[in-house]
K.L.:
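Dumping the structure here so I can ask a few things about it.
Values below: every heavy atom of this structure, side chains too, minus hydrogens, waters and symmetry copies.
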Amino acid sequence: MSATSPMNGWDEGEVKKAIGADGREDLHVALLVPLGYPAESRLHPGRRDRAPTHQGADAVLPAGWGQVLG
């Protein structure tokens, strides 16, 4: 049984089984490209809700931002 590699995030042995390259020690999986559609829809995959953090430019920029100095 292979363990998930901390460097690439997948189990190389399981990936090799899935692509029909099980037992091939001369091959290594360097990249995975996901294809197809997700099994479920998510409003913002991998993102937090913006409502509590998004307060507009006034919350981020200093007073007087954009005004000509001098």
Side-chain angles (χ1 to χ4, degrees):
M1 181 174 172
S2 303
T4 301
S5 168
M7 291 299 290
N8 56 27
W10 61 78
D11 183 332
E12 188 174 64
E14 292 298 316
V15 174
K16 284 182 177 183
K17 280 188 215 175
I19 64 172
D22 193 25
R24 295 278 310 263
E25 297 300 323
D26 60 324
L27 296 177
H28 295 281
V29 180
L31 176 72
L32 292 178
V33 179
L35 299 174
Y37 298 94
E40 61 185 41
S41 295
R42 293 172 55 189
L43 183 59
H44 297 287
R47 297 182 186 163
R48 292 182 4 186
D49 182 21
R50 285 181 51 169
T53 58
H54 183 68
Q55 300 170 1
D58 295 336
V60 178
L61 302 174
W65 177 262
Q67 296 178 3
V68 177
L69 299 176

K.L.:
So, for Glu12 and Val29, which heavy atoms are closest and what is the spacing to 0.1 Å?
P.N.:
OE2-N, 2.7 Å

K.L.:
Please assess Leu31 against Val33 for the test side-chain contact (heavy atoms from CB on, under 4.5 Å), listing each intermediate value before the final yes or no.
P.N.:
CA-CA 7 Å; Leu31 176 72; Val33 179; 4.2 Å; yes

K.L.:
Using the test side chain to side chain contact (heavy atoms under 4.5 Å, CB included), find all partners of Ile19 that sit at least two apart in sequence or belong to another chain.
P.N.:
Ala21

K.L.:
I'd like to know if the side chain of Lys16 and the backbone of Leu27 have a donor-acceptor N/O pair within less than 3.5 Å.
P.N.:
yes

K.L.:
Listed by chain and number, what are the side chain to side chain contact (heavy atoms under 4.5 Å, CB included) partners of Ala18, not counting sequence neighbours?
P.N.:
none

